[in-house]
Amino acid sequence: MEVFLSTEAVGRRQHCTGFISWFLYKRWYRCFTTLTTYSFDFGDIERKKSITLEEFQSEYDVRRPVLLTELANTWPARTKWMVDQLSLNYGDVAFRISQRSSKKITMKFRDYVSYMEVQHDEDPLYIFDEKFGEVAPSLLDDYSIPYLFQEDFFDVLDPDKRPSFRWLIIGPERSGASWHVDPALTSAWNTLLVGRKRWALYPPGRVPSGVTVHVNEEDGDINIETPTSLQWWLDIYPQLADHDKPLECTQLPGETIFVPSGWWHCVLNLETTVAITQNFVNNKNFEFVCLDMAPGHHHKGVCRAGFLAVENNFLRNLESDGFPKTSSLDNPDVPRKEKRLKGSGLGSKPFQFNGNWHAENALSPLHSKIQNENFSYDISFLSTFLEENRDHYNSVWSPSNSIGQREMREWLYKLWISKPAIRELIWKGAQIALDIDKWYARMIEVCTCHNLPPPLEDEKFPVGTGSNPVYLVSDYVIKLFAEGGLNSSIHSLGTELQFYHLLQHTNSSLKDHVPEVFASGLLSEENGFLKIFPWDGKGVPDVIANCKLIGDCMTDNFPFGIWSKKKIELADPGSIPCTKMWPYIVTKRCKGDIFANLRDTLSRDDALHLASFLGEQMRNLHLLPLPYFHNRNKLSVNNASTQVTSGDNNIPLDWELIVMALNRRTRDVQKRLSVWGDPIPRHLIEKADAYIPHDLTMLLDLTEDENGLYKVGVSPTWIHSDIMDDNIHMEPCQPIPCFEHSSCLGLAVNGELDAHETEGRLRKWQPTHIIDFSDLSIGDPLYDLIPIYLDVFRGDEVLFKQLLRSYRLPLSKASIRGAHSCKVPENEAKFKRLSYRAMCYCILHDENVLGAIFSLWKELRTASSWEEVEETVWGVLNNYQCSY
C-alpha cells in the first residue's frame with residue numbers, strides 16, 4: 001500500500017510504502033461489502049404458521065422469541081409498501097432518519113431512495129420514524145395490529161402523552177439496529193414487508209460481546225455503547241465460539257418476529273428492507289415496565305446486565321441466602337457516578353438456551369462458585385434489587401424512561417379506574433413504581449384520626465399528576481406532602497396554611513373560590529408505627545423541634561410561612577434526620593370536575609367565561625397583602641451563586657430575594673435545557689445564555705424617581721405558580737345562552753335563539769375553584785400567566801386576551817396608561833418589553849415550559865433566534881394596557 005503523508009514541517013507530502021492499516025481497511029470494507037452472497041441459514045428461533053392467544057401467552061410472552069409467518073397475509077401493505085410504490089405515493093413526505101447522534105433529521109422519501117441507490121456509507125442511514133402516522137396517516141390503513149399483540153396498557157393515555165410505540169423502518173443493505181434492549185422493558189413485534197433481515201438475540205441479563213452498558217448512579221440513566229450492527233456481524237460474531245453465539249434467524253417478507261421484554265437484539269439488513277414495528281405493554285410485561293421506571297439504578301443494571309451489575313459482597317449474600325436483601329452496583333474499581341458493565345469477552349463461559357435459560361459471565365472468581373445459580377428474569381427476583389428507601393416523589397427521574405413522572409402517575413391511575421378486572425396486577429405494578437401500599441397506609445391513618453370514611457375501591461389510588469400523593473375520599477381531599485423532603489414539604493404546608501389564614505381575614509372574594517380546610521398536621525412513622533400530630537401552621541410542633549429545619553424568619557406565629565420558604569429556596573438546609581414524616585392537609589372536596597377532564601366538552605363560551613374567571617381570581621390573588629417581614633438580617637444568604645448583580649441600583653429586599661432565586665437558575669442553563677431535549681431546538685439551546693441578561697435586575701422594570709433613585713415599577717405579589725388544567729375546578733350549570741360576546745350576536749331570529757346554531761355556544765360549565773396552593777411563592781405576577789397561557793389555554797391568544805381584560809392590573813410601569821418609564825439605551829430597550837421578561841422566565845422556569853412552547857408552535861422549531869420565539873408566543877403582552 002502506498003500512502004502520502006502531509007507534514008507542515010517540510011510543507012510537502014511524504015511518500016511511504018509498505019504501510020498497512022487493518023483499521024482503515026476494515027472501515028473501507030464495511031463501506032463496499034455486499035451481503036447478497038452471505039448464506040445465512042434460517043436460524044434457531046422457532047417458526048410457526050399460526051398460534052392461539054392462549055398458547056402465545058403461556059409459551060412465548062416474556063419467555064422466548066418466535067417467528068410467525070402468516071400474521072400479515074391480508075395486509076394491503078404486503079403489496080403497497082414496495083419501495084417504488086411508496087416513492088410514488090409519499091415521495092414528498094419527509095420521514096425521520098436514524099443516525100448515531102442525538103440530532104434528529106428528516107429527509108423526503110424520494111431523496112432518501114436516491115441516497116440508498118448511491119450510498120457507500122460505513123453505517124448507512126435508515127428511516128426510523130415514530131411519527132409516520134402523523135406525516136403519512138394513510139399508511140396506518142395498510143396494516144393492522146396482529147391479534148396476539150392488541151392488548152396495550154399505554155392506550156389509556158392521550159396520544160400526546162403516551163410514549164413512542166410504533167415505527168416505520170426502511171433501510172438499505174448493510175444498515176440496521178445495533179444491540180439494544182427495547183425502552184422500558186416493553187415487548188415488541190416487527191413485521192417485514194420487503195427484503196431480508198438477520199436477527200441476533202440474547203436473553204435478559206446477557207450483555208453481548210463488544211457491548212458496554214453505562215448505568216448512571218444519580219438518575220438511573222441507561223446508555224448502551226455498541227458497535228454498529230454491520231461492524232458487530234463482521235468483526236465480533238466470527239470470533240465467537242459456537243456456544244457463545246446468540247439466537248439467530250433470517251426474517252423473510254411477510255414474517256413477524258416477537259421480541260420479549262428485556263431481550264437484547266441486533267438487526268442487520270441483508271438487502272433493502274421495509275418493516276413496521278410496535279412496542280406494547282400487556283398483562284405479562286406490565287410489572288417489568290413498572291420496575292424499569294422505579295427510582296434508582298441497581299435494578300436497571302441487573303435487568304440488562306445480570307450478575308455483571310452485582311458486586312462481590314452482594315454475591316456472597318446471594319451465595320449464603322439465595323436471594324438478596326440489599327444490593328449495590330458499587331465497586332472501588334469503577335467511578336461512583338457511572339457504572340460500566342461490559343459484555344463477556346471472547347471465550348467466556350458458555351451461553352446456553354433452553355426452556356429455562358441462564359446467563360453466566362466471568363466477573364470475579366466468586367462468580368464461578370455460583371455458576372449453577374440461574375439469573376432469573378422474574379419480577380420477584382428482580383424486585384429485590386430495588387432500593388429499600390426509594391421515594392418516587394423525591395427521586396431524580398431517569399432521562400431514559402419512556403414517560404415522565406407526571407405521565408407515569410396519570411397512567412397508573414387511569415389503569416386503576418378503567419381496568420377494574422386487573423386491579424390486583426395494577427396494584428403490584430404500583431407497589432414497584434410508586435410504593436403505593438405505603439402511601440395507602442399513611443392515607444388510612446389520616447382518615448382514622450379525623451373520623452373520615454374509609455376509601456372505596458376507586459379511591460385507593462392517588463389522583464392527578466402532581467408531585468405529592470393526593471387522595472379523594474368521600475367528600476374530602478387528602479394531600480400528603482412529600483416533594484423535596486421534610487424541609488421543603490413542611491414549608492409548603494406552612495405557607496399554604498398561612499395563606500388561608502390571611503385570606504380569611506380579608507374581604508377578598510378569592511376566599512369563595514379556594515377549598516375549605518378541614519384538618520392539617522404531621523404524620524410520623526417510627527418503628528413501623530404511624531402517628532398523627534395535628535398542626536395549624538402556627539408555632540413549631542414538638543415532634544419536629546429537634547429537626548434541623550429553617551423556620552426562623554416569620555412573625556405572626558407562622559415560622560414555616562412564605563418568608564422562611566423563600567429562605568430555604570436560597571440555602572442548602574443540610575441533612576434532615578427525621579425523614580419519615582409527612583405533613584398533610586385535608587380539604588373539602590369541590591363538586592364537579594377538574595378542567596383537564598372537561599376541556600374537550602366545553603363550549604367556546606365556557607372557555608371565554610373561564611378566561612374571565614381566571615383573570616378576576618389572578619387579580620384578587622395578586623392584590624392580597626404580603627406578610628410583613630421585619631428582620632432583614634435573618635435572610636442573609638452566603639452563597640455566591642445567588643448574589644444579586646445590580647450595579648448601583650438599590651432594589652427592595654423582596655425583589656432582591658426573587659432575583660437571587662432566579663440567579664440560581666442561570667447556572668448551567670444550557671445543560672438543563674439539553675437534558676429536556678426535544679422538542680427544544682439545539683441551536684436555540686446554544687443561544688440561551690446570550691439571550692438572558694447578565695444582570696437579572698434588568699427584568700424588574702426599573703424606573704427613576706425625581707431624586708435619581710431607581711425603583712421597581714411593579715410590586716411583587718403572591719403567586720400560585722401552578723395554575724394548570726388539573727388545578728381548576730368547574731361545576732355543571734343550567735345552559736345559559738351567550739349574548740355578551742360579539743361572536744354570539746346575530747343568532748337571534750324574531751327574538752328567539754336558533755337552538756341548533758346556539759347549541760355550541762351555550763354555557764354548560766362554570767369555573768368555581770382554584771386548587772392546590774402548595775407551590776405558593778412571592779414573585780413577579782407575570783410568572784402566574786405562563787402556565788395559564790401554555791397549559792390551560794394551550795396558546796389560544798383570544799382566551800389570553802380575555803384573561804388580560806379581566807385582570808386589569810399593571811404588569812409593568814409602561815402598561816399603566818400615562819406612566820413615565822426611565823430612559824434606557826436603545827440596545828437595552830428589550831428589557832422594557834413584557835414579552836422579553838416572559839420569555840426569560842420561560843427559559844429559567846423549573847418546569848419544562850419550553851417543551852410546551854415548541855409543541856404548541858411547531859413552526860418555531862426552525863426559528864433562528866429566541867427573539868423570534870418571544871414575539872410569536874408573548875408578543876401580545878406588549879400591547880397590554882390597564883387603567884390601574
Show me the donor-acceptor pairs, under 3.5 Å and distance only, between side chains in residues 769-785 and residues at least two apart or in other chains.
| residue | atom | partner | partner atom | Å |
| --- | --- | --- | --- | --- |
| Asp772 | OD1 | Lys479 | NZ | 2.9 |
| Asp772 | OD1 | Ser774 | N | 3.3 |
| Asp772 | OD1 | Ser774 | OG | 2.7 |
| Ser777 | OG | Lys566 | NZ | 3.4 |
| Asp780 | OD1 | Leu782 | N | 2.9 |
| Asp780 | OD1 | Arg837 | NH2 | 3.2 |
| Asp780 | OD2 | Arg837 | NE | 2.7 |
| Asp780 | OD2 | Arg837 | NH2 | 3.1 |
| Asp780 | OD2 | Tyr841 | OH | 2.7 |
| Tyr783 | OH | Arg665 | NH1 | 3.0 |
| Tyr783 | OH | His845 | NE2 | 3.3 |
| Asp784 | OD1 | His720 | N | 3.2 |
| Asp784 | OD1 | Ser721 | N | 2.8 |
| Asp784 | OD2 | His622 | NE2 | 3.0 |
| Asp784 | OD2 | His720 | N | 3.0 |

**Message:** Apply side-chain contact (heavy atoms from CB on, under 4.5 Å) to residues Ile585 and Phe481 and explain how you reach the verdict.
**Reply:** CA-CA 8 Å; Ile585 188 171; Phe481 290 80; 3.7 Å; yes
Do you know the tightest heavy-atom contact between [X] and [Y]?
X	Y	answer
Ala294	Lys300	O-CE, 4.2 Å
Phe499	Leu510	CZ-CD2, 4.0 Å
Phe288	Val62	CE1-CG1, 3.7 Å
Ser488	Ile568	CA-CD1, 3.9 Å
Ile786	Ala838	CD1-O, 4.0 Å
Trp439	Ala482	CH2-CB, 3.6 Å

Heavy atoms, side chains only, cut-off 4.5 Å: are [X] and [Y] in contact?
X	Y	answer
Trp874	Phe800	yes
Asp725	Ile728	no
Met730	Leu602	yes
Leu415	Ile422	no
Arg304	Leu185	yes
Ile723	Met618	yes
Met443	Val473	yes
Arg599	Arg794	yes

**Request:** Kindly determine whether Asp292 and Ser398 satisfy side-chain contact (heavy atoms from CB on, under 4.5 Å), including the steps that lead there.
**Result:** CA-CA 10 Å; Asp292 199 54; Ser398 172; over 6 Å; no
**Message:** Run the side-chain contact (heavy atoms from CB on, under 4.5 Å) test on Arg672 and Asp846 for me, step by step, so that the C-alpha distance in whole Å, both residues' side-chain angles and the decisive distance to 0.1 Å come before the verdict.
**Reply:** CA-CA 10 Å; Arg672 179 162 47 86; Asp846 284 335; over 6 Å; no
Spatial distance of atom [atom1] ([X]) from atom [atom2] ([Y]) [nearest 0.5 Å]:
X	Y	atom1	atom2	value
Met581	Ile490	CE	CD1	8.0 Å
Leu610	Leu799	CG	CG	8.0 Å
Ser187	Lys284	OG	NZ	11.0 Å
Tyr789	Asp796	OH	CG	7.5 Å
Phe286	Lys428	CZ	NZ	11.5 Å
Asp722	Ser467	CG	OG	8.0 Å

**Request:** Would you confirm whether the ring centroid of His392 sits within less than 6.0 angstrom of the ring centroid of Trp397?
**Result:** yes
**Item:** Aromatic ring proximity, centroids under 6.0 angstrom, Phe153 and Trp411
**Value:** no
**Message:** Could you go through Ile379 and Ile432, starting from their C-alpha distance and side-chain angles, then the distance that decides it, and tell me whether this counts as side-chain contact (heavy atoms from CB on, under 4.5 Å)?
**Reply:** CA-CA 10 Å; Ile379 195 64; Ile432 295 171; 3.9 Å; yes
**Request:** Only counting residues at least two apart or in another chain, list the ones meeting side chain to side chain donor-acceptor pair (under 3.5 Å) with Arg162.
**Result:** Asp152, Asp155
**Prompt:** Are a donor atom and an acceptor atom from the side chains of Arg682 and Ser674 found within less than 3.5 Å of each other?
**Reply:** yes
**Request:** Consider only side-chain N and O atoms of Asp221 and Ser400, and report whether a donor and an acceptor are under 3.5 Å apart.
**Result:** yes
If only atom types and distance count, is the side chain of [X] paired as donor or acceptor with the main-chain N or O of [Y] below 3.5 Å?
X	Y	result
His297	Ile222	no
Asp129	Arg96	yes
Ser489	Leu486	yes
Gln150	Ile145	yes
Trp676	Val849	no
Arg861	Phe854	yes
Asp158	Lys161	no
Gln670	Asp689	no
Ser564	Gly561	no
Glu151	Asn283	yes

**Prompt:** Charged N to carboxylate O below 4.0 Å: is that the case for Arg406 and Glu410?
**Reply:** no
**Prompt:** For Glu859, does the CD atom sit with more than 12 other heavy atoms under 6.0 Å from it, leaving out its own atoms?
**Reply:** yes
Using atom types as modelled, flag every donor-acceptor pair under 3.5 Å from a side chain in residues 588-596 to any protein atom, sequence neighbours excluded.
| residue | atom | partner | partner atom | Å |
| --- | --- | --- | --- | --- |
| Arg589 | NH1 | Ser474 | O | 2.9 |
| Asp593 | OD1 | Asn597 | ND2 | 3.1 |

**Message:** Please evaluate residues Trp427 and Tyr440 with respect to the criterion ring-ring contact (aromatic ring centres under 6.0 Å, His included), reporting the C-alpha separation (whole Å), side-chain torsions for both, the decisive distance (0.1 Å), and the verdict.
**Reply:** CA-CA 11 Å; Trp427 190 264; Tyr440 176 73; 5.7 Å; yes
**Request:** Check the pair Tyr476, Phe518 against ring-ring contact (aromatic ring centres under 6.0 Å, His included), reporting the backbone distance first and the verdict last.
**Result:** CA-CA 8 Å; Tyr476 303 91; Phe518 177 77; 4.9 Å; yes
**Request:** In sequence, state the C-alpha distance, the side-chain angles, and the governing distance for Arg442 and Asp435, and then conclude on salt bridge (charged side-chain N to carboxylate O under 4.0 Å, His left out).
**Result:** CA-CA 11 Å; Arg442 294 160 191 161; Asp435 247 353; over 6 Å; no
